[in-house]
**Q** 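Below you will find the structure I want to go over with you.
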Amino acid sequence: MQEHSIGAEQKTQVPKMPPTKQPLDAPENRPPLFKRWRSWYVLVIGVLALLILLFYLFTNRYD
Amino acid sequence: MSNLDWWVMCLTFLVIISYGVYKSRGQRNVDSYFLDNKSMPWYLILFSIIGTQASAVTFLSAPGQAFTDGMRFVQYYFGLPIAMIVICIAFVPLFHKLKVYTAYQFLENRFDLKTRSLTAFLFLLQRGMSTGISIYAPAIIVSSILGWNIYWTNIFMGGFLIIYTVLGGTKAVAHTQKLQLFIIIAGMALAGYMVVHLLPEGVSFSDALHIAGKSGKLNVITTPTNVQDHSFWQDKYTLWSGLIGGFFLALSYFGTDQSQVGRYLTARSIRESRMGLLLNGLVKVPMQFLILLIGALLFAFYQFQPAPLSFNEMQLQKVEDPVISHQLHGLQSRFDSISGQKHAVTLTLVGQLHKGDKIQVASSREKLNDLQQKTDQLREQAKTLIKEADPAADTNDTNYIFLNFVIHYLPRGLIGLLFAIIFLAAWGSIAAALNSLSSTTVIDIYKRSIKPLASEAHYLKASRWMTLFWGVFCIIIAQFANKLGSLIEAVNVLGSLFYGTILGIFMIAFFMKSVKGAAAFWAAILTEAIIILIYNLDIVSFLWLNAIGCLLTMLFGYVFEWLLPKKSQVVIDN
């Protein structure tokens with residue numbers, strides 16, 4: 001169910017756009033290498049944490 | 001520049017632009033002009049995203065930033081990978097599902113026309129001004145090297161770009177950015193190699209790092225802990241402002257700025273968009289670290305080589321007043337004398353580092369820092385004198401530091417390549433920005449509110465005209481950019497003034513279903529006024545403005561929804 005208000009805001013309604021033919025779980029939208037997108041997200045966070053740690057060691061090493 | 005440099009530069013331009021024009025042939029409607037018919041693979045999305053963000057400012061100003069302030073600027077990018085994840089989860093599926101041309105189209109579906117128009121307006125305002133700065137950045141190179149008038153150089157630089165963007169559209173932008181990025185990475189790697197290669201015999205890469213580190217230039221991580229301390233909030237680049245403020249800034253920039261949204265909307269599927277964004281999250285921080293490292297290494301390099309009193313040498317030469325000119329010569333003599341002492345102390349420090357003598361190292365470090373303070377004071381005095389001679393002079397030479405090294409120390413041929421890189425980086429970024437300014441104006445304003453029922457051919461023509469209009473607007477802004485100091489900082493300050501509010505509107509749209517258009521609209525207006533007030537009062541560092549703007553918009557949205565009178569609403573079931 002989608003809500004549309006009638007009155008002043010009715011003038012600003014836009015035609016509903018056609019939905020895409022690609023649902024999120026469609027084969028062409030599955031992630032490469034991993035089974036789930038969550039694994040990619042964990043990888044990105046993990047690399048960031050590792051970089052911060054390495055930068056911290058780098059700062060201390062040359063200070 | 002030598003003839004060989006001019007040949008290398010012109011040949012690089014010719015190859016890149018011909019390739020872009022060849023790839024962009026056959027555009028017949030706005031779908032192909034703005035979205036390239038949604039056909040891009042993930043690697044083109046990645047190159048396009050990086051190429052759009054990394055402008056000439058990145059390559060000109062970032063090494064200078066590390067030279068003067070150290071490498072802590074890299075922390076500013078720490079929030080970016082987290083923002084990429086949030087965008088992949090919340091923004092990408094929705095934008096693809098609704099098949100929008102611009103991010104702001106979605107806001108009308110969710111709220112109303114006025115909220116869409118306000119957000120589009122805020123975007124156009126800040127992006128138009130930021131793009132003006134991006135035109136100015138490479139223009140100062142040409143004016144500095146060739147002694148051209150900066151105002152005419154802006155017009156020449158921007159004009160050339162306008163023709164290329166008006167004709168090429170999104171496809172030309174994406175394909176040229178791919179080639180540009182390869183050349184940029186190769187050129188910057190060569191420049192980094194040359195800095196180390198030109199160090200005196202017996203001074204290694206590791207020694208250069210120690211010299212930079214002992215002078216406080218390798219301060220990659222800074223972690224103030226006292227929240228009640230004023231400096232905690234005012235320090236521009238810390239781990240916390242980078243993670244929190246940087247997250248909000250990156251979320252706004254990549255999630256709501258059409259110059260970036262327009263890049264991943266061209267992907268052929270949700271997967272391609274997501275992969276482009278996530279890989280950007282993986283490579284951006286290391287890439288920025290390496291660019292800043294060049295600046296830190298340059299600092300070590302200039303401990304052995306005579307540095308100019310001001311890296312903007314043209315500005316020094318322009319001083320005509322004989323009294324001031326004489327005083328500047330006096331300063332230069334003292335500067336050269338101290339530079340000689342620095343050279344000797346630095347060589348001693350390297351010897352002590354090799355021996356592992358910690359006590360002597362500490363003593364040399366102290367001497368080196370004292371001498372550095374003296375040279376910094378002399379440079380400040382020189383700036384005051386230059387300003388005295390010419391009140392309109394640009395005395396901030398941060399943007400000229402890397403450039404000065406390129407001109408004086410790189411071999412022939414490589415100088416031309418480095419110059420080509422700076423131009424290409426600028427054009428890639430500016431072209432994408434002009435493209436997004438045009439798409440937002442045509443789709444969100446012209447097609448929606450002014451002429452809704454025209455033909456595709458008409459909108460394509462209007463898009464080209466709008467690209468031209470914004471190009472001219474940005475050139476006008478570029479004429480005033482010399483008053484802004486470090487350009488990389490100026491671009492980010494400008495973005496931070498508006499991004500928080502824009503992001504807040506999108507956050508309400510995604511996560512606060514009960515808040516309607518009127519409340520979101522007035523919340524954005526009030527927040528924007530408060531953000532500008534906070535900035536003028538200089539209460540917090542600019543990165544925090546992104547977080548404050550976003551959270552205030554959400555808070556006010558909730559309050560206004562509760563306070564504003566409810567109109568009688570009829571619910572229609574679809």
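Each chain gets a letter, A, B and so on, in the order its sequence line appears, and its residues count up from 1.
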**Q** Does the side chain of B/Pro81 come within less than 4.5 Å of A/Ile45's, by heavy atoms?
**A** no
**Q** Assess whether side-chain contact (heavy atoms from CB on, under 4.5 Å) is satisfied between B/Leu209 and A/Phe58, documenting all intermediate values.
**A** CA-CA 10 Å; B/Leu209 289 180; A/Phe58 178 82; 4.2 Å; yes
**Q** Taking the side chain as everything from C-beta on, heavy atoms only, tell me whether B/Leu278 gets closer than 4.5 Å to A/Tyr41.
**A** yes
**Q** Under 4.5 Å from any heavy atom of chain A, what part of B/Ser206 do you find: side chain, backbone, both or neither?
**A** both
**Q** Look up atom CG in A/Leu48 and atom NZ in B/Lys284, then write down how far apart they are to the nearest 0.5 Å.
**A** 14.5 Å
**Q** Do B/Arg274 and A/Trp40 meet the cation-pi criteria used here (NZ or CZ under 6.0 Å from the six-membered ring centre, within 45° of the axis)?
**A** no
**Q** Need one label for A/Val44: side chain, backbone, both or neither, based on atoms under 4.5 Å from any heavy atom in chain B.
**A**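 Both parts, backbone and side chain.
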**Q** Please check if atom OH in A/Tyr56 has more than 12 non-hydrogen atoms from other residues, nucleotides or ligands closer than 6.0 Å.
**A**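 No - once you tally the heavy atoms of other residues, nucleotides and ligands closer than 6.0 Å, there are 12 at most.
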**Q** Is B/Leu80 in contact with chain A via its backbone, its side chain, both, or neither, using a 4.5 Å heavy-atom distance?
**A** neither
**Q** Any side-chain heavy atom of A/Pro32 sitting closer than 4.5 Å to one from B/Arg271?
**A** yes
**Q** Quick one: CD1 on B/Ile85 to CZ on A/Arg38, what's the gap to the nearest 0.5 Å?
**A**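 Reported to 0.5 Å precision, the distance equals 12.0 Å.
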**Q** Any side-chain heavy atom of B/Leu218 within less than 4.5 Å of one from A/Thr59?
**A**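 No, every pair of side-chain atoms sits at 4.5 Å or beyond.
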**Q** Would you call the rings of A/Phe55 and B/Phe78 parallel, tilted or perpendicular if under 30° counts as parallel and over 60° as perpendicular?
**A** parallel
**Q** Out of A/Ile52, A/Asn60, A/Leu43, which one racks up the most heavy-atom pairs below 4.5 Å with chain B?
**A**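 Most pairs with chain B among the choices: A/Ile52.
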